[in-house]
Amino acid sequence: AMPARAFAYIDAEGAPALRGPAEFLKPLGLTPNAALTRIGSEPASWDAVRALFERPLDETTALTVEGGAEKSMTVKEALRAITGYDADAAPVIAAVLNPESPFKRNDRITAIDGEPATVASLAAVEDAKRGETVTLTIERPAVAGGLLRKGERIETPVTIADTGFI
């Protein structure tokens, strides 16, 4: 199950629709921006989308679009189709709230304790290792082609907060 913090991926303006990338949707036979009428057995709503984040990613669900076409897929595929959320992507730091943090905005977490990192694996580690220290490998992108800041690779120990965040 994905933690509540994943809800940040949801744009709650308007009704749920297929907002995932076209190159992902089209091979599934789905049209970008098509309005959803059902998510699984529930009427399409943002509450139904939020409920998807709590389900196992490999579980099967269905999306029904306006006009009645229904497509069966995994929860992971449904989340990507609706929100663009890619559980297999490397996590990227979107914001840094603590000035003492070793992270900078746009840092990409590439490994956790030496294992390849994905959004899903980071969420699992954050849930399972609260209060424990893990080593993150970070790739920091270059700025202005390396003129203002060269790209770098950093390994840093980080303690998972009791709230489940890094």
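Using a 4.5 Å heavy-atom threshold, the side chains of F24 and D86 count as separate. Annotation: side chain of L122 is in contact with side chain of I109 (closest heavy-atom distance under 4.5 Å). A 4.5 Å side-chain heavy-atom check between R50 and S45 finds every atom pair outside the cut-off.
Remark: K26 pairs with no residue by the salt bridge (Lys or Arg N to Asp or Glu O under 4.0 Å) rule, at least two apart or across chains. Here R38 pairs with nothing under the salt bridge (Lys or Arg N to Asp or Glu O under 4.0 Å) rule; sequence neighbours left out.
Here the closest non-hydrogen pair linking A78 and L52 is CB-CD1, 4.1 Å. The heavy-atom pair separating P116 from S121 by the smallest distance is O-OG, 3.9 Å. Nearest heavy-atom pair across L25 and P32 is CD1-CA, 3.6 Å. Smallest separation of non-hydrogen atoms from E126 and R130: O-CG, 3.3 Å. Closest heavy-atom contact between P102 and R140: O-NH2, 2.8 Å. Residues P16 and A44 come closest through the heavy atom pair CG-C, 4.2 Å.
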For this session: Begin from the C-alpha positions of L36 and L18 and carry the test side-chain contact (heavy atoms from CB on, under 4.5 Å) through to its verdict.
Result: CA-CA 7 Å; L36 290 168; L18 299 175; 3.9 Å; yes

Problem set entry | Intermediate values then yes/no, side-chain contact (heavy atoms from CB on, under 4.5 Å), K129 and V134 | CA-CA 8 Å; K129 296 195 173 193; V134 297; 3.8 Å; yes

For this session: Report the C-alpha separation of L63 and E70 in whole Å, then their side-chain angles, then the decisive distance to 0.1 Å, and conclude whether the side-chain contact (heavy atoms from CB on, under 4.5 Å) test is met.
Result: CA-CA 6 Å; L63 298 180; E70 181 179 302; over 6 Å; no

Exercise. So R19 and N33, side-chain contact (heavy atoms from CB on, under 4.5 Å) or not? Walk me through it.
Worked result: CA-CA 5 Å; R19 306 271 190 234; N33 298 313; 3.2 Å; yes

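Rounded to the nearest 0.5 angstrom, T135 OG1 and E115 CD are separated by 12.5 Å. I154 CD1 to T137 OG1: the interatomic distance, rounded to the nearest 0.5 Å, is 10.0 Å. Expressed to the nearest 0.5 Å, how far CG of L136 lies from CD of E155 amounts to 9.5 Å. Separating the CD atom in E132 from the OG1 atom in T159 is a distance of 9.5 Å, to the nearest 0.5 Å. The structure places CD1 of I82 at 4.0 Å from CD1 of I39, a figure rounded to the nearest 0.5 Å. The OG1 atom of T61 sits 8.5 Å away from the CE atom of M73 when rounded to the nearest 0.5 Å.
Using a distance-only test at 3.5 Å, with no hydrogens or angles considered, a donor-acceptor pair links the side chain of R55 to the main chain of T60. Remark: the backbone N or O of T74 is paired with a side-chain donor or acceptor of E77 at under 3.5 angstrom. T83 places a side-chain N or O within 3.5 Å of a backbone atom of L79 that can act as its donor or acceptor partner.
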Do any side-chain atoms of residues 87-94 form donor-acceptor pairs under 3.5 angstrom with protein atoms, and if so which ones, sequence neighbours left out?
from: D88; atom 1: OD1; to: K76; atom 2: NZ; distance (Å): 3.3
from: D88; atom 1: OD2; to: K76; atom 2: NZ; distance (Å): 2.9

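A donor and an acceptor atom, one from each side chain of T64 and T37, are nowhere located under 3.5 Å apart.
A salt bridge is absent between D107 and K104: the closest approach of a Lys/Arg side-chain nitrogen to an acidic carboxylate oxygen does not fall below 4.0 angstrom.
Atom CD of E152 sits in a crowded spot, with more than 12 heavy atoms from other residues, nucleotides or ligands closer than 6.0 Å.
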